[in-house]
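See structure below.
Each chain gets a letter, A, B and so on, in the order the sequences are listed, and its residues count up from 1. Any value given below was found using the heavy atoms of this structure, including those in side chains, with hydrogens, waters and symmetry copies removed.
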Amino acid sequence: MNTQMNARIALTVGPVLYYWPRRTLLDFYAEVAESPADTVVLGEVVCSRRHEMKTEDWLALARELATCGKEIVLASQALLESAADLRALHRWADQTEFLVEAGDASALRALAGRPFVLGPHINVYSQPALREHAALGAIRWVAPVELALDALALINPPAAPVTGGPANDTPVATEVFAFGRLPLAFSARCFTARHFHLSKDQCGFRCIEHPDGLLLDTTEQQHFLALNGIQTQSAAQHCLIADAPALRAAGVTRARLSPTSRDFATVLDLFERTYNGQADAAEAAAALEALSLPGGLVNGYAHRRPGLERMPA
Amino acid sequence: MQTSRTAHATLPRKPALVCPAGSLRALTLAIDAGADAVYMGLKDATNARNFAGLNFDLAQARDGIAYARSRGREVLMALNTFADARAPERWFAAVDAAAGLGIDALICADTAVLAYARDHHPDLRLHLSVQASATTWEAIDFYRERYGIRRAVLPRVLTLPQVEQVCRQSSAEIEVFGFGSLCVMVEGRCALSSYATGQSPNTAGVCSPPSAVRWEDGADGVSARLNGVLIDRYAPDEPRGYPTLCKGRFDVDGARDYALEEPTSLNTLALLPQLMDMGIAAIKIEGRQRSPAYVEQVTRVWRAAIDDCAAQPARFGVQPQWTAALGRWAEGQQHTLGAYDRPWR
């Protein structure tokens, strides 16, 4: 038990959810290459119109980061609408160099029979559902963001984990979304384009001007949500930096940190020192709060509360 | 099994009209008004319209099924939330109950529920709920190949050409939404309500639950709050909508507006000839939480429209009295073609 309570919580850099210029993106990953991150998830998961990076660019970046010792996961798009979206999915599914993260049921069909990662937008809410996906080949599970930590322990118990992979004998690893604006919803409508009175097809790629999304406030000026194209996020940063003991107790072995346009190296460093070193969690939380992004810190979902609440760990 | 592909080769197929039954009264009115099938749910969190005063206990379900059967119609049961990690057996018991009632089909989204139904009730017809978020033929085929689903309900996010593509390439029947409140987010993939209230459409079957709603009179108008979050504020003489989170007014960059969606209803009457030409198997009317009068009158209009379109597809036109009748029941008295239409692109 003691070894488990001290086991490393691997840090995953989630996919960049925003539309960043190619140069910005490459600079960001150069910094990640030097960071304590264990795993990097690459690919465009939000909008198929974003074209700063082509398939070959992602693969070249993946190879480069792999040589720096990072495990690479290629994520498929969460909402597929067109034949072109399916073709993009199959470009990931057809390569065998890197692990792929399934974004929807189309990806489950394309990836069945080989080891893969279940993305956070696939609805797994019970152990029988996780078993269904493990039987397809899932070896890692990124839990839906709204699930409480006590539910994770019931779905994939640390003492007797669900097994997956091609021979169905690999314990499924549990990963949680531990930092960043929560991806809460997807739509056919692009809310960024709509805000600028543009159609989706002629959006002018305005989301490139909002590297952390576009804040949506209530009429009382409460920062509430963030618009990111067809995705709606929380305005607040979901942050489980003070919850490491609860994470370990729930069998979580991986924490996903969602990229921010500024201070992300600091975020990675603070999580590494808190989860896998001796840093004080309260001080780390205060340091995160002092960073430049508006919206504050929340962790309600982890504690079976509304996501926008902040609970003591 | 007849597929949309084979149907397409012959005459336009007449889609089944699938209507909401939040109560026994709504069920009988829908059947009398011409529904080919009604869909209902049990009185618990196993269905996605888990509101007080709605839905069926077993005795009511039996009566409803008997009523529909005696008139040659079908009853489908929505069991379309995701089984709770703490008690998945409750969902499996609901599958057993549905099978025991002799329901014509179960409408499910959760792979745990689909697998249970497949393994324990192999003869039970399965439809894939819109909550499963299957937007491509390949996603639908995943569920067909693995769980034997016969029909899939499409999320309201595809354009008409995309719907056609799915119809052509999927080997399952396709059902689309025809009328009712418009869910602007992909169903089954929206946590906005749970973010604000802690109650999730996916697990508790509620969006913007009434228990979290507060109305406040103030000097600057009437405020509608959802668990404290200000969703909208109305001037004294302004009409008020239900504070559904995604249909509130918010500030983005200093501009206050319906930033996500206006309070409006989906109405695809005008698209009927195209939908029928694609071989759509069924058209669903939304609104189990609406009144029996809504169900009756919306069903009546759609029955007439589908029959009219099937009889003379080339000459089909939306009749003004249909639009007027539906307009009375539309949210905010507004209609939209939603994602089917170009402006969303």
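- Of all non-hydrogen atoms in A:Asp217 and B:Phe250, the two that sit nearest each other are O-CB, 3.3 Å.
- Inter-residue side-chain proximity for B:Arg189 and A:Asp104 is flagged as met; some heavy-atom pair is nearer than 4.5 Å.
- No side-chain donor from either of B:Tyr195 and A:Glu309 sits under 3.5 Å from a side-chain acceptor of the other.
- Interface remark: B:Phe92 contributes side-chain atoms only to the contact with chain A (heavy atom separation under 4.5 Å).
- Screening A:Leu215, A:Leu216, A:Thr192 for a side-chain contact (heavy atoms from CB on, under 4.5 Å) with B:Val252, the sole residue that qualifies is A:Leu216.
- With chain B as the partner, the residue from A:Ile230, A:Leu184, A:Leu89 showing the most heavy-atom pairs under 4.5 Å is A:Leu184.
- Considering only heavy atoms from C-beta on, A:His90 comes within 4.5 Å of B:Glu138 through its side chain.
- Counting all heavy atoms, side chain and backbone alike, A:Phe191 lies closest to B:Ala259 at CD2-O, 3.7 Å.
- In this structure, the portion of A:Gln221 lying under 4.5 Å from any heavy atom of chain B is its side chain and not its backbone.
- Contacts of A:Leu308 with chain B are made by both backbone and side-chain atoms, with heavy-atom separations under 4.5 Å.
- If you measure heavy-atom distances from A:Ala102 to chain B, you find no contacts under 4.5 Å at all.
- Scanning all heavy atoms of the two residues, the minimum distance from A:Ser126 to B:Ala83 falls at CB-O, 3.5 Å.
- Nearest heavy atoms, B:Ala139 versus A:Ala105: CB-CB, 3.8 Å.
- Using a 4.5 Å heavy-atom cut-off against chain A, the contacting residues of residues 224-234 of chain B are B:Arg225, B:Asn227, B:Val229, B:Leu230, B:Arg233.
- Taking 4.5 Å as the limit, some side-chain heavy atom of A:Thr232 sits within range of a side-chain heavy atom of B:Leu260.
- Looking at B:Arg146 and A:Glu132, their side chains come closer than 4.5 Å, going by heavy atoms from C-beta outward.
- Heavy-atom pairs under 4.5 Å with chain B peak, among A:Ile122, A:Leu130, A:Leu227, A:Leu79, at A:Leu79.
- Both the backbone and the side chain of B:Tyr258 have a heavy atom closer than 4.5 Å to some heavy atom of chain A.
- At a threshold of 4.5 Å between non-hydrogen side-chain atoms, the residues A:Thr218 and B:Asp251 do not count as touching.
- When each of A:Arg304, A:His121, A:Gln222 is scored by its heavy-atom pairs under 4.5 Å with chain B, the top score falls to A:Arg304.
- Interface summary for chain A: among B:Gln165, B:Arg249, B:Glu145, B:Gln199, the most heavy-atom pairs under 4.5 angstrom belong to B:Glu145.
- Listed options B:Cys190, B:Ser194, B:Ala112 were ranked by heavy-atom pairs under 4.5 angstrom with chain A; first place goes to B:Ser194.
- The side-chain contact (heavy atoms from CB on, under 4.5 Å) search around A:Arg131 returns A:Gln127, A:Val162, not counting sequence neighbours.
- Residues A:Asn123 and B:Asn202 form a side-chain contact, since some pair of their non-hydrogen atoms from C-beta on lies under 4.5 Å apart.
- One distance of note links CZ of A:Arg109 with CG of B:Asp141; it measures 5.0 Å at 0.5 Å rounding.
- In this structure, the side chains of B:Leu245 and A:Phe224 come closer than 4.5 Å at one or more pairs of heavy atoms.
- A donor and an acceptor atom, one from each side chain of A:Tyr125 and B:Asp84, are nowhere located under 3.5 Å apart.
- Checked for salt-bridge contact, B:Arg156 and A:Glu81 miss the test: no charged N lies under 4.0 Å from a carboxylate O.
- At least one donor-acceptor pair closer than 3.5 Å links the side chain of A:Ser187 to the backbone N or O of B:Val184.
- Identified under the salt bridge (Lys or Arg N to Asp or Glu O under 4.0 Å) test for residues 152-163 of chain A, with sequence neighbours left out: none.
- Of residues 139-154 of chain A, those residues lying under 4.5 Å from chain B by any heavy-atom pair are A:Glu146, A:Ala151, A:Leu154.
- Among the candidates B:Asp110, B:Leu114, B:Thr197, the residue making the largest number of heavy-atom pairs closer than 4.5 Å to chain A is B:Thr197.
- Two residues are said to be in side-chain contact when any heavy atoms from C-beta on lie closer than 4.5 Å; B:Ser133 and A:Phe186 fail this criterion.
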